[in-house]
Amino acid sequence: MSDAATDMSAYWDRAGRVWVEQQALLDRIYQPIAKAVVDRADLRAGEAVLDVGCGSGATTFEAAWRVGPEGRAVGADISGALLELARRRAGEQGLESVDFVHADAQTHDFGAEFDAIVSRFGVMFFPDPVAAFANLRRALRPGGRLAFVCWRSPEDNPISQVPLEAAAPLLSEVPKFERNAPGRFAFADPERVSAILDEAGWRDVAIEPLDDPTPVTAEELMTMSLRVGPLNPILSNADAALSARVREAVAEALSPYVEDGGARMNSACWLVTARR
Ligand SMILES: C[S@@+](CC[C@H](N)C(=O)[O-])C[C@H]1O[C@@H](n2cnc3c(N)ncnc32)[C@H](O)[C@@H]1O
């Protein structure tokens, strides 16, 4: 593995543990997005589908139901912790047409076996996105389809930025957001996404906005703000007094979004499709 790939793998081994811990909440909040991406892939019974950056498997399972027992759904991920959970959940659901592989999607040879590739938030972390999408294109049979969802800009997702801004004055170091760098908002610019896919050989690229205003409780909003996302690694190393002050500042800053104990946690995304 290259240094960048090793860094990403180490990052997701740690971040993956948080996704494992919060799996039920994340699944509920992002379920409509899994459904939207799988709908758009237009999967048919008997097809083979690859879910890239599958995490604990929610989108792989959604795809598996569509292709049915004659089809095949494979989830690929670099986080061992998430794959372990994904395999366990597949067993619990009795899904036999599902497989999970521990693989770096940027370089792994998947064989030209798939009719479609789907991904929910799993393709923004590649150090070399053109190489990654050229590699993923090789995983498809001729005419194969790609459908994925990625985040629009931080400005379009204010509710996810408020906690970081509220905590910043209390912290000695705040994670910097670098436009176009591998990470959550790497594909915020649709022209960049289009250029990457063009260069990687994809055709019929289409990018449209997808907004999902899922309702959450105030407590779930705090969990998403403090446990999932960039504040988590900082707070894991912070003492109790600092954690309490950050918690208070974040709750205060989020209060305008909360009404009657709940909030709308809008996910502002791009839904991207292309053909091999
Ligand atoms: C934001 S999470 C999304 C997980 C899942 N798709 C979901 O929506 O619940 C991103 C996922 O991409 C995986 N990932 C990041 N880089 C990857 C790579 N190069 N190859 C395979 N998986 C990768 C991470 O391990 C993580 O599970």
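Order of listing sets the numbers, starting from 1, for every ligand and every atom in it.
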I would like to know whether W151 and S267 meet side chain to side chain contact (heavy atoms under 4.5 Å, CB included); could you show each step before the answer? CA-CA 8 Å; W151 293 100; S267 298; 3.6 Å; yes

Do R89 and S56 have side-chain N/O donor and acceptor atoms under 3.5 Å apart? yes

Tell me, do F185 and Q161 make a side-chain contact under 4.5 Å, heavy atoms counted? yes

Kindly print each ligand 1 N/O atom paired with any protein N/O atom under 3.5 angstrom away, one pair per line, or none if nothing qualifies.
| from | atom 1 | to | atom 2 | distance (Å) |
| --- | --- | --- | --- | --- |
| ligand 1 | 6 (N) | G53 | O | 2.7 |
| ligand 1 | 6 (N) | R120 | O | 2.8 |
| ligand 1 | 8 (O) | R120 | O | 3.1 |
| ligand 1 | 8 (O) | R120 | NE | 2.6 |
| ligand 1 | 8 (O) | R120 | NH2 | 3.2 |
| ligand 1 | 9 (O) | R120 | NH2 | 2.9 |
| ligand 1 | 19 (N) | D104 | OD1 | 2.8 |
| ligand 1 | 20 (N) | A105 | N | 2.9 |
| ligand 1 | 22 (N) | I78 | N | 3.4 |
| ligand 1 | 25 (O) | D77 | OD1 | 2.5 |
| ligand 1 | 27 (O) | D77 | OD1 | 3.2 |
| ligand 1 | 27 (O) | D77 | OD2 | 2.7 |

Contact between E96 and P69 at the side-chain level, heavy atoms closer than 4.5 Å - yes or no? no

Going by distance alone, is a donor N or O of one side chain under 3.5 Å from an acceptor N or O of the other, for E219 and T217? no

Is E21 paired with R227 through a side-chain N to carboxylate O contact shorter than 4.0 Å? yes

